[in-house]
A.B. asks: 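Mind looking over this structure? Questions follow.
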Amino acid sequence: MNPLARNEPGKTILAMGNDAIVRGGLEAGLGYFSTYPGTPASEIGEGFTALKQQFPHIHTEFSVNEHVAAHGAQGASWANVRSMVTMKHVGMNVASEVLHFAAYSGVRAGFVVVVGSDPGATSSTSEQDDRWYSLHTHLPILEPATIQEAKDFTIKAFELSEKYNLPVILNAPSKLCHNIGSLTLGSLPREVQKKGHFERNPTRYINLFGGSVANHRRAMESIDALEKDIPLVSLNREAPGTGKTGFISSSINYLYLMEALALLGIVDAPVLKMGITHPLNVKEISGFAGGLERIIIVEELEGFLEYQIKQLLYDTGIRTAIKGKQIFPRYGELDVDIIADVLSRELGLPLPEKMERALTISETLTTGIPPRQGAFCIGCPHRATLYSIVKATDRKVIFAGDIGCYTLSCLPPFRAFDWVTCMNCGVGIAQGMLQKIEGEKVIAYVGDSTFFHSGIPNVINAVQQHADLVLVILDNKWVAMTGHQPSPTTDVSIHGEKMNPVDIKGLLKSIGVKYIRSIDPFNIKASIAAVRDALRQEEGVRVIIAEQECALQFARRIKITPPEYTVFYQIERGRCQLCNECYVDLGCPAIRKDFNDDGHFYYIEETACLRCGACKDLCPNGAIVRTEIKLHPGTSRETEKVS
């Protein structure tokens, strides 16, 4: 049984932070869940999906984008069903329009927005600090520090949402989302709101003219009421001390701070842990600051707490010296080492000898280690598509990049990527650029999920503005980069069940695209010819759909449902001319290099190869041999066919 489904109050299990948020939703009586997958928050959606059988009343969906997901959760809340929407931090940019109105109209049942932040941009193109959104959305923010708090704060978020008639944001950084620790379970509710109903309330739900102003006033009154009640909410806590330097922190940085203080031998410092970082209570902050000579605020990124605290204390006439981003970086992740180093210099305390020794050893050992480079998976259709594009263009075109697995094409051996910023930056930027450049060809990339996320309006605009570009839609049938969630084009589930995919070709025709071609990426020669043909056309948007399933999902499914035959590829050394097309230009990791008395040679590692066949199709010397072995059901006989 899935441990998250157990109704055993008091039982302690091991769980990720994302798992704890799932359990918090279950204990809170969640009825609706929506998300657009994005690391580090993807596993929350996976968690609810895995629990469908035990909790069939929870509607769980992977939405087309974060805007749609947020609206869906808001709709469920208005129907009086507790709802949750999750996204990665940059997803807030897409959902922000919905959330800017969410406080105006309020909630009926609790509405919680979970944001997986990514300080250090370990899986993102940005490390933006989404907490700043709350200064103009007027949505409260909770910041758990531990696995246990991730669950407990989720439950509390629903309670606060309903009490103060506001959606509540739960902000969880990547190190909390993916950390594993002890989680003590609470009780699952005996009864939950499985179905709801909508009650007309035009005063709240129709935001027009004076009604919008009235709803704005109501939202401000709600956030003010919460601000006054914060000491009663009990999410913030103070560790008293006799020292004259106090510390304020939140989220996992609080844990780092406490460890850093212990390393430096500081045992008398007062510390205020902020569980709710917006709004702040004036009396709580000023009461902590009273009698202190200085306050050091420890938080990641851009000083959200520092900004609010300085304003509050200034307005109350308290002039306690405050330092935050004067001494801590406004970018990247913090950790115990960074915090201890900054505080040692700021407070004039030496680092412990063991810590200095450890840092020295670590620096010595890691200096000579080469950085790990990202690469396409073995058998990835994107690898074959990019190979064909590079061969067809000799890199003499502009490559408009985008967000997805294919972002790896910026690295060797392809180096066919000229920019990447956000979702659908490829065709979006390219179609504008093409209005002002001449004589340069442009190839834009977009994945299937990214295309449906926010790419369709860009393509419509490109068509209407007669942009002269080739758009390659890399349709691998899954949202592969974030954990293989279903895409609108997913046609067969991992268990072999037929699904209802969107017809990309039909959609493109309906918005005015005249030139549409489909290719099998593993048919290299045909793919190269298709790219060259598209580039030869004179003007307008030309679309190539590179259609082949993600290799990992295909491999997983055939383990569950084995095919009637298996295929093997081998390199014949006598024919191989060591031309490097497969080893260097395609760069397939399943093709290995070894040495003998005659020098080096190449071979295919059978246990690694996923039998995509791209290497055979591109080999100019016919040195790669395909062997097909058909298994006859009910017998042990095998039929071998070599080509």
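Numbers here simply count residues along the sequence, with the first being 1. Remember, it's a predicted structure, so these values are computed and weren't measured experimentally.
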A.B. asks: Could you give the distance from OH (Tyr32) to CD (Gln74), rounded to the nearest 0.5 Å?
C.D. replies: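 Between Tyr32 OH and Gln74 CD, I get 11.0 Å after rounding to 0.5 Å.
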A.B. asks: With rounding to the nearest 0.5 angstrom, report the OG to CG distance, Ser249 to Leu261.
C.D. replies: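 The distance works out to 9.5 Å.
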A.B. asks: Are Ser34 and Glu61 close enough that a side-chain donor and a side-chain acceptor fall under 3.5 Å?
C.D. replies: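 No, Glu61 and Ser34 have no side-chain donor paired with an acceptor closer than 3.5 Å.
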A.B. asks: Just checking, is any N or O donor in the side chain of Lys88 or Ser124 under 3.5 Å from an acceptor N or O on the other one?
C.D. replies: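 Side chains of Lys88 and Ser124: pair found under 3.5 Å.
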A.B. asks: Just by distance, with hydrogens left out, do Asp229 and Tyr164 show a side-chain donor and acceptor under 3.5 Å apart?
C.D. replies: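 Tyr164 and Asp229 do have a side-chain donor-acceptor pair below 3.5 Å.
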A.B. asks: Side chains of Thr86 and Thr35: is there a donor and an acceptor less than 3.5 Å apart?
C.D. replies: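 Side chains of Thr86 and Thr35: pair found under 3.5 Å.
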A.B. asks: Supply the atom-to-atom distance Glu66 CD to Met87 CE, rounded to the nearest 0.5 angstrom.
C.D. replies: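 Between atom CD of Glu66 and atom CE of Met87 there are 6.5 Å.
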A.B. asks: Can a donor-acceptor pair be found, under 3.5 Å and without considering hydrogens, that links the side chain of Glu162 to the backbone of Gly110?
C.D. replies: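 Judged by distance alone, yes, a pair lies under 3.5 Å.
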A.B. asks: Check the side chains of Gln128 and Asp130 for a donor-acceptor pair under 3.5 angstrom, ignoring hydrogens and angles.
C.D. replies: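 Asp130 vs Gln128: donor-acceptor pair found between side chains.
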A.B. asks: Can you tell me if Trp478 and Glu549 form a side-chain donor-acceptor pair at under 3.5 Å?
C.D. replies: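 Looking only at side-chain atoms, Glu549 and Trp478 do form a donor-acceptor pair, the distance falling under 3.5 Å.
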A.B. asks: Side chains of Asp520 and Gln548: donor-acceptor distance under 3.5 Å anywhere?
C.D. replies: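 Present: a donor and an acceptor within the cut-off.
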A.B. asks: Donor-acceptor check, side chain of His100 to backbone of Ser96, threshold 3.5 angstrom: yes or no?
C.D. replies: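 Yes: the side chain of His100 pairs with the backbone of Ser96.
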A.B. asks: If you count heavy atoms of other groups shown closer than 6.0 angstrom to CZ of Phe101, is the number above 12?
C.D. replies: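 At most 12 heavy atoms, drawn from other residues, nucleotides or ligands, come within 6.0 Å of this atom.
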A.B. asks: Ignoring hydrogens and geometry beyond distance, is a side-chain donor-acceptor pair present between Tyr406 and Asn476 at under 3.5 Å?
C.D. replies: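 No - no donor-acceptor pair under 3.5 Å links their side chains.
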A.B. asks: To the nearest 0.5 Å, what is the distance between OG1 (Thr450) and CG (Asn65)?
C.D. replies: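 Reported value, rounded in 0.5 Å steps: 11.0 Å.
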A.B. asks: I need the minimum non-hydrogen distance between Leu14 and Ser182, along with the two atoms involved.
C.D. replies: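 Shortest heavy-atom separation between Leu14 and Ser182 comes out as CD2-N, 4.3 Å.
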A.B. asks: Does the distance from a Lys or Arg side-chain N to an Asp or Glu carboxylate O, for Arg23 and Glu27, drop under 4.0 Å?
C.D. replies: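 Glu27 and Arg23: salt-bridged.
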A.B. asks: So, Ser222 side chain and Leu166 main chain: donor-acceptor pair closer than 3.5 Å or not?
C.D. replies: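 Such a contact is absent between Ser222 side chain and Leu166 backbone.
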A.B. asks: Taking Arg82 for its side chain and Ala28 for its backbone only, find out whether a donor-acceptor pair lies under 3.5 Å.
C.D. replies: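 Side chain of Arg82 to backbone of Ala28, a donor-acceptor pair under 3.5 Å: yes, one is there.
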A.B. asks: Looking only at atom types and distance, does a side-chain atom of Asn7 sit under 3.5 Å from a main-chain N or O of Leu188, one as donor and one as acceptor?
C.D. replies: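 Judged by distance alone, yes, a pair lies under 3.5 Å.
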A.B. asks: So that I can tick it off, tell me whether Glu238 and Lys273 are bridged by a salt bridge, with the cut-off set at under 4.0 angstrom between side-chain N and carboxylate O.
C.D. replies: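 Salt bridge between Lys273 and Glu238, a charged N being under 4.0 Å from a carboxylate O: no.
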A.B. asks: How long is the gap from CZ on Arg131 to CG on Leu139, to the nearest 0.5 Å?
C.D. replies: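 Between atom CZ of Arg131 and atom CG of Leu139 there are 15.0 Å.
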A.B. asks: With rounding to the nearest 0.5 Å, note down the distance linking CE in Met84 to CD1 in Ile44.
C.D. replies: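 Taking CE in Met84 and CD1 in Ile44, the distance rounds to 7.0 Å.
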A.B. asks: Which residue is it: Thr154, Ile147, Ile155? I am looking for the one with a side chain to side chain contact (heavy atoms under 4.5 Å, CB included) to Lys151.
C.D. replies: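 Filter result, single survivor: Ile155.
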A.B. asks: Would you call Arg6 and Leu185 a side-chain contact if the rule is heavy atoms closer than 4.5 Å?
C.D. replies: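 Side chain of Arg6 against side chain of Leu185, heavy atoms only: contact under 4.5 Å found.
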A.B. asks: Side-chain donor-acceptor pair under 3.5 Å between Ser83 and Ser77, yes or no?
C.D. replies: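 No, Ser77 and Ser83 have no side-chain donor paired with an acceptor closer than 3.5 Å.
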A.B. asks: Could you tell me whether Arg237 and Glu149 make a salt bridge, using a distance below 4.0 angstrom between a side-chain N and a carboxylate O?
C.D. replies: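 A salt bridge links Arg237 with Glu149.
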